[in-house]
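Heads up: the structure comes next, in structure tokens.
Order of appearance sets the numbers: ligands from 1, and atoms from 1 within every ligand. Being a predicted model, the structure only gives us computed values, none of them experimental.
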Amino acid sequence: MGPEVERFEERLAKYCGRRFCIGVASGSDALYLALRAAGIGPGCEVITTPLSWIATLNAIVMTGATARFADVRDDLNLDPDTLAREITPATRAIVPVHFNGRLCDMEPILAIARRHDILVIEDAAQSVGARYNSIPAGGFGQAAAFSLNPMKILAGYGEAGAVVTDDEGLRDKLVALRYLGTVDKEICHYLALNAKLDELQAAMMLVSFDYLEANIEHRLALAQRYSERLKGIVRCPRPLAPGDRSSVFFDYQIVAENRDALRRFLAQQGIETKIKHPILMPDQPAHTSLPRPEIPVARYLIEHILSLPLHEKMKPADVDCVAENVEAFYRDQE
Ligand SMILES: *Cc1c(COP(=O)(O)O)cnc(C)c1O
């Protein structure tokens with residue numbers, strides 16, 4: 001936690017339009033500690049989406065809070081209508097996940113939170129650099145968690161994460177929580193483990209930052225190309241008009257009939273795809289004690305989503321190759 005960490009924190013805070021950034025050891029730590037700093041714990045209910053990496057749910061449950069689930073919409077993000085129905089007198093926070101790098105429909109979510117006086121803590125792990133009504137990912141709720149692991153768009157060279165917030169009280173508590181709950185590095189006020197951001201990761205991420213905008217632009221161009229090639233064949237993510245940055249395409253995720261056969265066919269052609277993630281969070285073995293949520297849209301999507309290759313090192317011709325093979329698969333089905 002030397003000068004590189006401080007420089008990185010300043011840079012990420014500024015990029016998100018926030019007053020403070022607190023570097024931590026991972027995105028999981030970022031979300032867990034943000035929730036704890038905000039006072040989430042036993043007796044609190046927290047509403048989130050069923051469709052995310054399991055880190056989201058584990059972070060909520062590990063605070064001692066009870067997780068509840070709203071359904072998602074066609075954009076794979078929280079559905080504000082089903083969200084409103086899940087609110088109870090015990091609800092203390094909403095954790096929207098900007099899945100695949102696409103920002104949630106934040107206006108109605110924030111309106112619900114205001115109406116019921118509950119917190120919004122964003123899981124912005126996949127969405128660094130996205131903007132909605134000119135507000136950047138991480139700029140909406142009381143606090144937002146970023147993952148900066150090597151798979152993410154702004155990547156360290158190992159595990160890393162960060163919380164951003166405008167709230168000075170939250171900042172102070174997070175600074176303590178990331179280092180065993182200590183104030184002035186010696187007096188332990190809270191029960192917590194070590195979740196410091198490594199100086200080396202911060203230095204490397206400062207370098208990654210210089211390439212971030214170019215990387216995102218490249219991703220958007222590849223995604224656009226996929227959408228042009230695949231529209232009418234599979235359900236594609238909503239394309240973005242020029243200048244629209246409401247997604248940074250952490251993933252190019254399609255919704256496809258015969259998904260598993262398509263996946264096998266593409267694998268035979270040497271094209272790797274992924275299902276992110278094949279098990280809905282509430283269906284994971286570690287969470288069987290949670291009540292079964294009513295989430296028909298998520299249950300449909302989990303059988304049909306498929307992530308096609310999309311990363312900074314791909315060229316337009318690579319996208320064409322994948323798209324041609326997807327086309328060929330559905331031609332053969334007719
Ligand atoms: C990656 C990720 C996390 C966890 O981040 P780590 O740095 O791997 O701990 C949390 N939520 C989402 C949505 C993620 O994609």
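Residue Ile187 qualifies as enclosed at atom CD1: its count of foreign heavy atoms under 6.0 Å is above 12. More than 12 heavy atoms of other residues, nucleotides or ligands shown are found within 6.0 angstrom of CD on Gln333. No more than 12 heavy atoms of other residues, nucleotides or ligands lie within 6.0 Å of NZ in Lys274, so this atom counts as exposed by the packing criterion.
Of all atoms in ligand 1, numbered sequentially from 1 with element shown, those under 4.0 Å from a heavy atom of Ser26 are 7 (O), 9 (O). Taking a cut-off of under 4.0 Å to the non-hydrogen atoms of Ser28, the atoms of ligand 1 that pass are 4 (C), 5 (O), 6 (P), 9 (O). Within ligand 1, counting atoms from 1 as listed, the ones closer than 4.0 Å to a heavy atom of Thr56 are 11 (N).
Between Ser52 and ligand 1, a contact under 3.5 Å exists for no N or O pair. Residue Ser147 has at least one nitrogen or oxygen atom sitting less than 3.5 Å from a nitrogen or oxygen atom of ligand 1, judged on distance alone. Inclusion of Lys152 in the set of residues having an N or O under 3.5 Å from an N or O of ligand 1 is warranted. The N/O atoms of Gly27, backbone and side chain alike, include one that comes under 3.5 Å of an N/O atom in ligand 1. For the pair Gln126 and ligand 1, the shortest N or O to N or O distance falls below 3.5 Å.
The protein heavy atom nearest to atom 11 (N) of ligand 1 is Asp123 OD2, 2.8 Å. Scanning the protein for heavy atoms near atom 8 (O) of ligand 1, the closest one is Asn149 ND2, 3.0 Å. Among protein heavy atoms, atom 10 (C) of ligand 1 sits closest to Ala55 CB, 3.5 Å.
Classification of Arg299 and Asp283 as a salt-bridged pair holds, one side-chain N sitting under 4.0 Å from a carboxylate O. The pair Asp210-Arg11 meets the salt-bridge criterion, since a charged nitrogen lies less than 4.0 angstrom from a carboxylate oxygen.
For the pair Lys152 and Phe146, the cation-pi criterion (under 6.0 Å, within 45° of the ring axis) is not fulfilled.
Contact annotation for Ala125 and ligand 1: only side-chain heavy atoms (C-beta onward) come within less than 4.0 Å of the ligand.
Ile121 is not connected to Leu103 by any chain of hydrophobic side-chain contacts under 4.5 Å among Ile, Leu, Val, Met, Phe, Trp and Tyr, and they are in different clusters.
A centroid separation of 6.0 Å or more is found between the aromatic rings of Phe249 and Tyr226.
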